[in-house]
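Proteins come first, then strands; the chains are lettered A, B, ... in the order of their sequence lines, and each starts at number 1. Keep in mind it's a predicted model, so treat the numbers as computed, not measured.
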Amino acid sequence: MSPHVQQLALVDCNNFYVSCERLFRPDLQRQPVVVLSNNDGCVVSRSNEAKALGVKMGQPWFECRQLEQDDGLLALSSNYALYADLSNRVMAILSDFSPNHEAYSIDECFVDLTGISKLREVSYEMRERVGRWTGIPVCVGIGPTKTLAKLANHVAKKHPRSKGVFNYNDLTAEQKARLLAQLPVEEVWGVGRRLTQRLALHGVHSVLDLREAHIPTLRAEFGVVMEKIQRELQEVSCIKLEEVQQDKKQIIASRSFGNMVTELPVLKDALSTFVANACAKLRAQNSQAAVIQVFLQTNRFRKELPQYMPSLAIPLPQPTSDTLVVNRWADYLCERMFKEGYQYKKAGVMLSEISSIAYQQGDLLEPAPAADSRLMQALDSLNQRFGRGAVRVSTQGAYGEWQMRQGRKSPCYTTRWSDVPAV
DNA sequence: TCTCCGATTAGAC
DNA sequence: CTAACGGTCTAATCGGAGA
């Protein structure tokens with residue numbers, strides 16, 4: 001093999017949320033288990049046994065709920081504090097294998113193993129060490145580009161013979177072609193449902209079809225994104241490893257309500273919580289926002305009810321990350337949009353035009369409101385020590401109607417002492 | 001006619 | 001309580017407004 005081929009590994013946790021729950025509930029092993037999204041709305045993680053029962057990713061819980069009685073399917077509310085904590089542990093272990101790595105999502109990490117000797121042994125060791133130290137099962141896919149590493153990971157997950165590790169770079173040209181011909185094009189990273197349909201119209205069904213497609217046609221019909229995907233399949237790296245986490249360019253805090261909301265004060269109360277979360281995220285990356293947007297939504301699935309989905313944005317007089325300042329604007333925007341006679345199901349706040357506080361522009365007319373940032377710093381450090389929501393804006397949480405339903409949540413074993421069972 | 005901007009679309013997980 | 005369907009984020013693209 002030529003020495004300059006990139007050996008890029010994608011390590012992906014198996015059924016991550018379900019695997020996290022199983023760590024503290026050994027009785028869930030070999031049982032059909034799913035984890036639900038916020039508000040216990042949709043299935044977002046499935047054990048293999050749940051997949052075998054036909055439960056689909058993203059399926060609304062009420063649609064498969066019957067399986068609870070019929071087949072012993074167990075559903076749990078999501079416990080993000082637990083998943084984030086375990087994710088951090090997995091990432092820390094993986095980072096020991098290479099200084100060049102990217103935590104791509106809560107359950108996936110790219111690790112650049114180029115130039116490592118005994119690559120085979122090392123990739124098995126990654127899998128085993130994560131399993132031994134955290135109890136989370138993972139699969140490893142290796143390829144010359146991110147897109148092919150992802151595809152290799154898919155192969156590792158699907159074929160038991162691979163024992164959880166698959167290296168695309170080990171294949172001959174013929175073996176590569178044979179493998180790609182068997183894989184449907186929707187398995188490719190960046191090709192979703194819509195693009196799969198459109199590609200089929202052009203006779204592109206397998207990954208091999210896409211790799212070999214006529215380039216000018218592809219570019220004209222599908223744009224630069226598809227061209228990049230094709231180049232990646234041709235082993236030309238177009239998507240680089242992002243080793244440092246980029247600052248968010250946009251921050252959204254929104255939630256569906258546990259019950260429909262009809263009154264303005266309740267909406268404002270919910271929004272003040274969203275503002276607090278969004279501004280805390282903003283401050284955590286040392287940024288400020290210049291535009292705030294608020295949106296309200298009725299339940300789009302209830303077609304018989306009157307629908308109203310307003311959204312309003314406003315440029316702030318000065319960029320800020322101050323919860324109290326943003327909250328006043330959110331109140332104002334909410335009041336301007338609120339209409340009596342609708343049942344609101346969801347609301348949210350979006351912060352955009354985000355910049356680093358390092359570049360704070362001095363305002364010639366208004367004195368800089370630096371004093372308030374001390375209050376926000378105090379608030380952040382208290383909430384960090386005692387848990388999110390320990391210190392709040394006065395109105396926040398006065399009404400309970402909007403809070404989401406989470407009737408099936410497991411205890412916070414790793415992040416809250418009081419939830420750890422006595423030995 | 002060109003450019004900018006907001007809204008829309010598509011995707012990931 | 002007897003209906004019930006997530007939350008964030010990015011990038012490309014498109015159409016209209018305004019220069």
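- Nucleic acid contact class of A/Arg255 (heavy atoms, under 4.0 Å, all strands): sugar-phosphate only.
- Contact annotation for A/Glu108: backbone-only contact, meaning every heavy-atom pair under 4.0 Å involves sugar-phosphate atoms and none involves a base.
- Considering only side-chain N and O atoms, A/Lys346 lies under 4.0 angstrom from the phosphate OP1 or OP2 of C/dG7.
- Salt bridge status for A/Glu235 with A/Lys176: present, with a side-chain N to carboxylate O gap under 4.0 Å.
- Backbone-only contact: A/Ala253 has heavy atoms under 4.0 Å from sugar-phosphate atoms and none from a base.
- One interatomic measurement links the two molecules: CZ of A/Arg405 to C1' of C/dA3, which rounds to 8 Å at whole-angstrom precision.
- As judged by a 4.0 angstrom heavy-atom cut-off over every strand, A/Phe16 is placed among residues making no nucleic acid contact.
- Remark: A/Lys146 is positioned above the aromatic ring of A/Phe110, its terminal NZ or CZ atom under 6.0 angstrom from the ring centre and at most 45 degrees off the axis.
- In this view, A/Lys248 satisfies the salt bridge (charged side-chain N to carboxylate O under 4.0 Å, His left out) rule with no residue, not counting sequence neighbours.
- Contacts of A/Ile251 with the nucleic acid, taken as non-hydrogen atoms under 4.0 Å apart, involve only primed sugar atoms and P, OP1 or OP2.
- The cationic atom of A/Lys163 (NZ for Lys, CZ for Arg) does not lie both less than 6.0 Å from the six-membered ring centre of A/Tyr124 and within 45° of the ring axis.
- The distance from atom CG of A/Asn277 to atom P of C/dC9 is 11 Å, rounded to the nearest whole Å.
- Remark on DNA chain C: of its neighbouring residues A/Cys42 and A/Asp247, the 5'-side contact belongs to A/Cys42, judged by nearest-heavy-atom nucleotide.
- With respect to A/Glu125 and A/Arg129, a salt bridge is recorded, a charged nitrogen being found less than 4.0 Å from a carboxylate O.
- Separating the NZ atom of A/Lys56 from the P atom of C/dG6 is a distance of 20 Å, rounded to the nearest angstrom.
- Considering only side-chain atoms of A/Ser254, the nucleotide from C/dT8, B/dG11, C/dC5 that sits closest is C/dT8.
- When each of A/Pro60 and A/Gln250 is assigned the nucleotide of DNA chain C bearing its nearest heavy atom, the one mapping closer to the 5' terminus is A/Pro60.
- Across all strands, A/Asn299 comes closer than 4.0 Å only to sugar-phosphate atoms, never to a base (heavy-atom distances).
- Straight-line distance from the CD atom of A/Gln246 to the C1' atom of C/dA11: 14 Å, rounded to whole Å.
- Atom CG in A/Asn259 sits roughly 11 Å away from atom C1' in C/dA3 (whole-Å rounding).
- The side chain of A/Lys248 places no N or O atom within less than 4.0 Å of a non-bridging phosphate oxygen (OP1 or OP2) of C/dT10.
- Contact check on A/Glu68 versus A/Arg408 returns a salt bridge, with a Lys/Arg side-chain nitrogen under 4.0 Å from an Asp/Glu carboxylate oxygen.
- Contact annotation for A/Trp61: no contact, since no heavy-atom pair falls under 4.0 Å across all strands.
- Distance A/Phe62 CZ to C/dG6 C1': 14 Å, rounded to the nearest Å.
- In this structure, the CD atom of A/Gln297 is 14 Å from the C1' atom of C/dT8, given to the nearest Å.
- For the contact set between residues 218-242 of chain A and DNA chain C, defined by any heavy atom under 4.0 Å, the members are A/Gly223, A/Val224, A/Val225.
- For the pair A/Lys56 and A/Glu63, the salt-bridge criterion is not met [side-chain N within less than 4.0 Å of a carboxylate O].
- Ring-centre distance between A/His202 and A/Phe222: below the 6.0 Å cut-off.
- Classification of the A/Trp189-A/Tyr104 ring pair by plane angle, with boundaries at 30° and 60°, yields perpendicular.
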Please, what dot-bracket string fits DNA chain B when only Watson-Crick and G-U pairs with both distances under 3.5 Å count, crossing ones use [ ] and pairs to another strand use |? |||||||||||||

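- Relative orientation of the A/Tyr17 and A/Tyr83 rings is parallel, given thresholds of 30° and 60° on the angle between their planes.
- Using a 4.0 Å heavy-atom criterion, one finds that A/Ile106 contacts no nucleic acid atom at all.
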Apply salt bridge (charged side-chain N to carboxylate O under 4.0 Å, His left out) to residues A/Lys249 and A/Glu353 and explain how you reach the verdict. CA-CA 7 Å; A/Lys249 298 171 179 176; A/Glu353 303 282 291; over 6 Å; no

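- Taking atom CG on A/Asn39 and atom C1' on C/dA3, their separation rounds to 13 Å, with Å as the unit.
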